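Along the sequence shown, residues are numbered consecutively beginning with 1. All values derive from a computational prediction rather than experimental measurement.
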Amino acid sequence: MSNKRKTVAVHAGAQLTGSKSQPVVPPIHVSAVSFFDSSDELDAALDGKDYVYSRIAAPNAALLEEAVAALEGAEACVAYASGMAALRAVFEVMNLKAGDVVVMPADGYGVTRSLFKNLAARSGVRVEAVILADASAPERIVALRPKLVLAESVTNPLLRVPDIRALSRACREVGAALAVDATFPSPYGQRACELGADYAVQSTTKWLNGHSDALGGTVSGTREKLAPLRAARLFAGDVLGPFEAWLTLRGVRTLPVRMKAHCDHAAHVAKRLSESPLVDRVHYPGLPGHPDHAVATQVLEGGFGGMVAFDIKGAGRPDCFRFLEAVKLARAAPSLGDVCTLVMHAASASARRMTPEERQAAGIGESLIRVSVGLEDPDDIADDLLAAVAEAMKR
């Protein structure tokens with residue numbers, strides 16, 4: 001089969017191994033347990049060689065894993081009940097000990113930072129927050145000599161873009177594992193493993209599903225690196241359910257065409273916002289003035305993503321809350337990747353779990369709005385956002 005993304009998205013993960021039946025749409029396998037006439041076959045299934053108990057392996061999740069691995073350009077994939085479960089699995093599989101160092105983005109998703117801080121505190125691991133898009137980040141990694149580096153290929157919510165290849169070289173130099181949360185670009189926009197990541201993490205709840213109707217997460221990489229994660233999932237029980245896997249795989253089928261439109265619309269909306277006197281700064285990697293524009297052109301494919309962030313000039317938290325109430329087309333919701341445009345106040349949502357000091361160090365101010373640009377007409381989206389800004393800033 002072709003390895004081109006549009007073809008892979010439509011056809012990968014369509015047929016269970018060993019079956020000659022070829023349904024156009026895979027069925028939903030809701031049974032949590034199966035039986036065998038042969039005891040030998042049952043015994044083999046209990047070792048994961050067939051489907052017998054959905055905590056060990058499940059047909060719908062297996063099909064989704066096959067499809068995501070193909071999209072990521074990776075050997076294998078492990079699916080989880082949420083993106084946070086996937087991130088936790090990566091942290092725990094490292095078997096970190098007291099004194100070990102973990103590096104993560106200072107300007108990344110606040111809930112991930114809170115998760116890693118809590119996990120690290122239990123075992124005496126030190127967490128170092130670094131702006132990984134800065135040119136000095138590889139040197140910092142070499143100096144800190146971590147066991148694990150977690151990067152976000154496009155940071156949430158400021159949309160900084162680190163050079164994954166440079167981070168990978170630094171990790172190799174000190175023997176660190178590199179995990180990349182590539183949720184924002186999706187596998188359509190970046191194949192993190194091909195850039196040197198050991199683990200590519202997706203919150204499938206977002207672009208891969210594309211319709212806000214199923215939670216999920218995945219980790220992709222080599223079969224060797226994923227084997228311990230798959231074994232650990234057997235005991236953790238954080239498996240992806242059949243309905244969620246089926247809905248997500250349905251979303252995967254249209255990922256390339258959706259993402260192209262999301263990227264095109266986001267670029268148009270970013271340009272419109274940058275022309276407004278009421279907007280202080282627009283954060284979008286596709287704009288020439290973005291600090292990481294040159295890097296983004298090298299590490300992002302097919303466009304600069306469907307996310308835009310902007311600062312409302314002179315706004316505080318009450319003004320931003322009025323903005324959220326003033327939008328008519330967009331919806332104020334703490335997620336992204338839907339066909340409809342979603343907006344949120346970054347400091348009170350994605351960065352909610354960060355301390356005020358951490359937000360200040362990251363550059364996440366009270367005036368920052370994050371936008372997941374939908375599939376509506378892009379001028380309608382821009383008009384709605386700009387009208388809401390004007391309404392919010394009436395004094």
Side-chain angles (χ1 to χ4, degrees), residues 105 107-111 152 154-161 183-185 206-207 212 262-263 265-287 289-292 304-354 356 358-395:
D107 53 346
Y109 184 34
V111 180
E152 293 177 3
V154 179
T155 64
N156 179 8
L158 287 168
L159 308 185
R160 295 295 305 274
V161 183
T183 296
F184 268 29
K206 312 305 194 298
W207 302 112
S212 296
H262 284 298
C263 292
H265 290 190
H268 185 81
V269 170
K271 184 175 183 299
R272 287 281 310 276
L273 289 170
S274 68
E275 295 167 349
S276 170
L278 297 177
V279 172
D280 190 32
R281 186 179 178 189
V282 178
H283 308 263
Y284 184 66
L287 293 175
H290 188 280
D292 309 316
F304 296 98
M307 302 299 298
V308 176
F310 66 96
D311 289 282
I312 301 175
K313 186 173 292 186
R317 184 172 293 207
D319 304 305
C320 289
F321 281 7
R322 285 197 296 272
F323 166 85
L324 297 180
E325 295 169 351
V327 291
K328 305 297 184 185
L329 181 69
R331 298 168 183 175
S335 190
L336 60 109
D338 203 311
V339 293
C340 66
T341 297
L342 304 177
V343 295
M344 50 158 269
H345 176 239
S348 64
S350 64
R352 189 180 189 89
R353 305 301 175 191
M354 297 170 72
E358 288 171 340
R359 288 197 295 269
Q360 182 178 9
I364 301 170
E366 290 292 338
S367 62
L368 184 65
I369 298 293
R370 193 191 74 181
V371 185
S372 172
V373 180
L375 299 183
E376 306 95 339
D377 184 279
D379 278 315
D380 286 344
I381 300 170
D383 289 344
D384 185 45
L385 298 177
L386 291 169
V389 169
E391 182 65 26
M393 296 309 291
K394 285 181 178 178
R395 303 289 187 175

| Trace of the side chain to side chain contact (heavy atoms under 4.5 Å, CB included) decision for Ile381 with Val373 | CA-CA 8 Å; Ile381 300 170; Val373 180; 3.8 Å; yes

| said: According to salt bridge (charged side-chain N to carboxylate O under 4.0 Å, His left out), does anything in residues 324-339 pair up with another residue at least two apart or in another chain? List the pairs. | reply: none

| query | Closest approach of Met344 and Ala349, non-hydrogen atoms and distance? | reply | CE-CB, 3.4 Å

| field | Non-neighbouring partners of Ser367 that pass side-chain hydrogen bond (donor to acceptor under 3.5 Å, both in side chains), sequence neighbours left out | value | Asp311

| said: Can you confirm whether Leu329 sits close enough to Thr341 that some side-chain heavy atom of one is under 4.5 Å from a side-chain heavy atom of the other? | reply: no

| request: Under the side-chain hydrogen bond (donor to acceptor under 3.5 Å, both in side chains) rule, collect the residues that match up with His290, sequence neighbours excluded. | output: none

| Which pair of non-hydrogen atoms, one from Asp319 and one from Met393, has the smallest distance, and what is that distance? | CB-SD, 3.8 Å

| note | Of all heavy-atom pairs linking Ile369 and Phe323, the shortest is CG2-CE2, 3.6 Å

| field | Residues forming a side-chain contact (heavy atoms from CB on, under 4.5 Å) with Gln360, sequence neighbours excluded | value | none

| Results of side-chain hydrogen bond (donor to acceptor under 3.5 Å, both in side chains) for Ser372 - residues two or more places apart only | none

| query | Which pairs with one or both residues in residues 366-379 pass salt bridge (charged side-chain N to carboxylate O under 4.0 Å, His left out), sequence neighbours excluded? | reply | Arg272-Asp379, Arg317-Glu366

| query | Taking the side chain from His265 and the backbone from Gly374, do they hold a donor-acceptor pair closer than 3.5 Å? | reply | yes

| Set of side-chain hydrogen bond (donor to acceptor under 3.5 Å, both in side chains) partners for Ser348, sequence neighbours left out | His345

| request: Using salt bridge (charged side-chain N to carboxylate O under 4.0 Å, His left out) as the criterion, list what pairs up with Asp292, not counting sequence neighbours. | output: Arg160

| field | For Ala332, all residues meeting side-chain contact (heavy atoms from CB on, under 4.5 Å), sequence neighbours excluded | value | Leu324, Val343

| request: Taking all non-hydrogen atoms of both residues into account, name the closest pair between Phe310 and Leu273 and its distance. | output: CD2-CD1, 3.6 Å

| message | Suppose we screen for ring-ring contact (aromatic ring centres under 6.0 Å, His included). Which residues come up paired with Phe304, at least two apart in sequence or across chains? | response | His293

| note | By side-chain contact (heavy atoms from CB on, under 4.5 Å), Ala267 pairs with (sequence neighbours left out) Tyr284

| note | Taken to the nearest 0.5 Å, the spacing of Asp280 CG from Ser274 OG works out to 12.5 Å

| Could you state the interatomic distance from CG (Leu342) to CE (Met307), rounded to the nearest 0.5 Å? | 8.5 Å

| query | So, for Ala390 and Leu278, which heavy atoms are closest and what is the spacing to 0.1 Å? | reply | CA-CD1, 3.8 Å

| Measuring from Leu158:CG to Ile364:CD1, what's the distance to the nearest 0.5 Å? | 5.0 Å

| request: Identify, with sequence neighbours excluded, every residue that meets side-chain contact (heavy atoms from CB on, under 4.5 Å) alongside Val111. | output: Met84, Tyr109, Arg353

| Non-hydrogen atoms of Leu159 and Phe184 that approach each other most closely | CD2-CE2, 3.5 Å

